[in-house]
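Below, each value reflects all heavy atoms present in this structure, side chains not excepted, and no hydrogens, waters or symmetry copies. Below, read A as the first sequence line, B as the second, and so on, with proteins coming before strands; counting in each chain starts at 1.
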There are 2 protein chains.
Amino acid sequence: MKIGQVAEVSGLPAKTIRYYESIGLIEPAGRTSSGYRAYQERDIETLKFIQRARSLGFSINEVSALLTLWNDRNRASSQVKALAKQHVADMDRKIAELQSMKDTLSNLIEKCQGDHRPDCPILNDFAKTDR
Amino acid sequence: MKIGQVAEVSGLPAKTIRYYESIGLIEPAGRTSSGYRAYQERDIETLKFIQRARSLGFSINEVSALLTLWNDRNRASSQVKALAKQHVADMDRKIAELQSMKDTLSNLIEKCQGDHRPDCPILNDFAKTDR
DNA sequence: GCTTGACCTTCCCGTAACTGTAAGCCTCAT
DNA sequence: ATGAGGCTTACAGTTACGGGAAGGTCAAGC
């Protein structure tokens, strides 16, 4: 299978697949006699695996670790679970941070008339000289 | 005031302040005779303003727009409010996305024993050939 | 047999918002 | 005068790609 088709079935842009190869996340694909990348079933499974892990927010580095674990028939599931838990914790922190920023800003927005007049509690708050 | 002190009072690293100057977010600071950047009160207020806006998640571009509005004594507060609302909407989307990823992964984690054995529903799910 | 258009190739630049590092002045206290 | 710490510029690295140029390949159609 050539890269275009692989892109379709894996859900990853061809450009991204080449990128993954260039950074060593995946093994270099085989080549046809004319130099096109040729993918096997196993390669495609790997790319789908990567796509799913990435869609859950794992970084490339984390995906790399997951791939290693996936390919290790003897890994302890506790290792995978720990990695996943860490990622959930990271997401929790990000969610809390976003939520906090959102709450603060929402409060300011409520206080802002939002009409033609220039007075605006939002800018006033940003410009507060105390604090 | 020199950049080190400004960094302390504004909460922005000196490096970041230079960066903001380099991209044109702020006016180039004045200089002492020996070439050091010299900041006035107004510059410091601006940097604090930027720090607060950034801490609420506004992008540099958005901050730039906010600065323009801040410096425009005749702006309508509706403009500021619209910008802020847009940002809240962006954050809402990000929160929902993170939450969804987190929920999915949390479900998988619950199903994983996390012991010494290799069987792991998390990796199994990533590797599913259907879907 | 030749052209056309869809794919494929590599290579390099740009993105956001900085952070790290290097090499070299400036200032002040000892 | 010397050493520490702060300042300067400039360039590279980070994350995870996307855009676009210049050119090779392949199957279809005339």
Side-chain angles (χ1 to χ4, degrees), chain A residues 1-26 28-40 43-44 46-47 49-67 87 90-91 93-94 97-98 101, chain B residues 1-26 28-39 43-44 46-47 49-67 86-87 90-91 93-94 97-98 101:
Chain A
M1 228 192 244
K2 282 181 291 181
I3 201 167
Q5 267 197 295
V6 175
E8 268 191 52
V9 303
S10 70
L12 291 168
K15 199 103 204 201
T16 298
I17 299 173
R18 288 192 203 99
Y19 170 70
Y20 287 165
E21 185 182 307
S22 81
I23 61 170
L25 179 63
I26 55 177
R31 299 287 178 136
T32 67
S33 55
S34 61
Y36 286 8
R37 284 176 181 79
Y39 293 88
Q40 309 300 319
D43 303 328
I44 291 160
T46 300
L47 286 166
F49 181 101
I50 293 171
Q51 192 278 326
R52 284 168 197 147
R54 288 286 296 135
S55 76
L56 290 181
F58 286 99
S59 71
I60 298 276
N61 263 340
E62 288 165 336
V63 171
S64 182
L66 287 169
L67 281 173
H87 180 48
D90 290 348
M91 288 195 280
R93 268 193 303 94
K94 273 184 202 161
E97 189 189 345
L98 279 169
M101 297 190 301
Chain B
M1 228 192 247
K2 282 182 291 181
I3 201 167
Q5 267 197 294
V6 175
E8 269 189 51
V9 304
S10 70
L12 292 167
K15 197 102 207 200
T16 298
I17 298 172
R18 288 192 204 98
Y19 170 69
Y20 286 165
E21 184 182 307
S22 81
I23 61 171
L25 179 63
I26 55 178
R31 299 288 178 134
T32 67
S33 56
S34 61
Y36 287 7
R37 284 177 182 79
Y39 293 88
D43 303 328
I44 292 162
T46 300
L47 286 165
F49 181 100
I50 293 171
Q51 193 279 325
R52 284 169 197 146
R54 288 286 298 137
S55 77
L56 290 181
F58 286 99
S59 71
I60 298 275
N61 264 340
E62 288 165 336
V63 171
S64 182
L66 288 169
L67 281 173
Q86 182 58 57
H87 180 47
D90 290 347
M91 289 195 278
R93 270 194 302 95
K94 274 184 202 161
E97 190 189 344
L98 279 168
M101 297 191 301

Whole-Å distance between [N] [atom2] and [X] [atom1]?
X     : N      : atom1 : atom2 : value
A:I50 : D:dC17 : CD1   : C1'   : 14 Å
B:M1  : D:dC7  : CE    : P     : 12 Å
A:L12 : D:dA16 : CG    : C1'   : 12 Å
B:I23 : C:dT19 : CD1   : P     : 12 Å
A:N61 : D:dA16 : CG    : P     : 7 Å

Examine [N]: is either OP1 or OP2 under 4.0 Å from a nitrogen or oxygen in the side chain of [X]? Give yes or no.
X     : N      : result
B:Y19 : C:dA16 : no
B:S34 : C:dT27 : yes
A:S59 : D:dT15 : no
B:R18 : C:dA17 : no
B:R54 : C:dC18 : yes
B:R37 : D:dT8  : yes

Selection from C:dC18, D:dA16, C:dC8 that lies nearest to any side-chain heavy atom of A:I60: D:dA16
So which nucleotide from D:dT8, C:dT19, D:dG19 ends up closest to the side chain of B:P13? C:dT19
If you assign A:K15 and A:Y36 each to the DNA chain D nucleotide with the nearest heavy atom, which residue ends up on the more 5' nucleotide? A:K15
[Y] backbone acceptor or donor facing [X] side chain under 3.5 Å:
X     : Y     : result
A:R54 : A:F58 : yes
A:S10 : A:V6  : yes
B:Q5  : B:K2  : no

Hey, which sits more toward the 5' end of DNA chain C by its nearest nucleotide, B:K2 or A:I3? A:I3
Assuming nearest nucleotide by heavy-atom distance, tell me which of B:F58 and B:T32 is located more 5' along DNA chain C. B:F58
Heavy-atom check, side chain of A:Y19 versus side chain of A:L25, under 4.5 Å: no
B:R37 to B:Y39 - nearest heavy-atom pair and separation: CD-OH, 3.1 Å
